[in-house]
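Each ligand, and each atom within it, is numbered from 1 in the order the structure gives.
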Amino acid sequence: MERRPIIAGNWKMNNTASEGVALVEALKPLVADANCEVVVCVPAIDIPAVSKAIAGSNIKLGAQNVHFAEKGAYTGEISANMLKEYGVEYVIIGHSERRQYFGETDETVNRRTLAALAAGLTPIVCIGESLEERETGKTEEVLDRQILEGFKGIDDISKIVIAYEPIWAIGTGKTATDEQANETIGYIRKKLAEVFCPVCAGKVRIQYGGSMNAKNAKGLMAQPEIDGGLIGGASLKAPDFGVIVHFDR
Ligand code: PGA
């Protein structure tokens with residue numbers, strides 16, 4: 001089953017709008033001939049400026065969160081339609097930092113995912129275990145729960161992108177080995193086949209995330225189950241991101 005690789009930068013809370021524009025201007029020539037989908041997920045307030053700066057290029061735009069309501073009394077929140085108006089195509093949902101610091105649960109992940117899909121956005125839904133969970137043999141149990149609760153009610157699972165991000169590998173410089181990442185992503189796909197259907201599971205793009213960088217991207221991307229990367233720190237440096245999107249060279 002052909003799955004187009006997708007490399008997405010997660011800028012997190014970095015780059016003002018003008019810094020973001022400078023970064024994508026530097027990126028444009030470096031990623032222009034990439035054989036994969038190239039996405040930058042930027043802070044909400046950077047979206048208008050970055051959207052303009054990437055027009056006509058192969059860089060696609062993503063947000064880092066979306067509210068589940070269409071509109072209403074949700075002070076400080078941003079709806080899927082607001083993102084769409086600026087050409088946003090992707091949105092990260094349920095990043096472990098949001099689960100850890102902002103009370104995100106499998107239920108809110110589910111609601112956001114359904115709202116994003118209804119608006120025609122592609123959710124990049126993050127799942128993954130903590131170090132303690134891995135060390136106590138709970139990885140599969142945690143992933144099962146995140147899949148069953150987080151993806152409830154999705155009609156066509158192939159419309160979402162999943163980012164498998166072991167929490168212990170995020171921003172720590174500690175990457176999962178190529179085999180570890182491949183094996184766990186293989187498990188996720190097996191579970192999706194069971195819960196949804198084998199054909200749909202074969203179509204879902206599953207990224208690895210967690211200290212992926214210019215040095216280790218090639219090895220990770222060579223694994224058969226790994227369809228892309230969600231890149232934090234290394235996406236803030238244009239030359240590094242430029243190398244990562246050329247993992248196939
Ligand atoms: P990192 O972040 O690449 O800096 O580890 C990845 C992520 O949190 O999406």
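A donor-acceptor pair under 3.5 Å is formed between the side chain of Gln207 and the backbone N or O of Ile6. Between the Glu19 side chain and the Thr16 main chain, a donor and an acceptor come within less than 3.5 Å of each other. Looking only at distances, a side-chain donor or acceptor of Lys28 sits under 3.5 Å from a matching main-chain atom of Ala53. Between the Ser235 side chain and the Ile231 main chain, a donor and an acceptor come within less than 3.5 Å of each other.
Within ligand 1, counting atoms from 1 as listed, the ones closer than 4.0 Å to a heavy atom of Gly210 are 5 (O). Near Ala169, the atoms of ligand 1 lying under 4.0 angstrom from a non-hydrogen atom of the residue are 5 (O). Ligand-side atoms of ligand 1 in range of Lys12: 2 (O), 7 (C), 8 (O), range being under 4.0 angstrom from any heavy atom. Listed by number with element, the atoms of ligand 1 under 4.0 Å from a non-hydrogen atom of His95 are 7 (C), 8 (O), 9 (O). Distances below 4.0 Å separate heavy atoms of Ser211 from the following atoms of ligand 1: 1 (P), 3 (O), 5 (O).
Neither the backbone nor the side chain of Ala163 has a heavy atom within less than 4.0 Å of ligand 1. In Asn10, the part holding a heavy atom less than 4.0 Å from any atom of ligand 1 is the side chain.
Residue pairs that meet the ring pair (Phe, Tyr, Trp, His ring centres under 6.0 Å) test with at least one member in residues 140-188, sequence neighbours left out, do not exist here. The side chain to side chain donor-acceptor pair (under 3.5 Å) contacts involving residues 39-52 comprise nothing, where partners must be two or more places apart or lie in separate chains.
If you run side chain to side chain donor-acceptor pair (under 3.5 Å) between Asp106 and each of Arg145, Arg111, Gln146, Lys152, only Arg145 comes through.
At the top of the distance list for atom 4 (O) of ligand 1, counting protein heavy atoms only, stands Gly233 N, 2.9 Å. Protein heavy atom in closest approach to atom 7 (C) of ligand 1: Glu165 OE2, 3.1 Å. Nearest protein neighbour of atom 3 (O) of ligand 1, counting heavy atoms only, is Gly232 N, 2.9 Å.
In this structure, Gly171 has a heavy atom closer than 4.0 Å to ligand 1.
Taking 4.5 Å as the limit, some side-chain heavy atom of Met221 sits within range of a side-chain heavy atom of Pro5.
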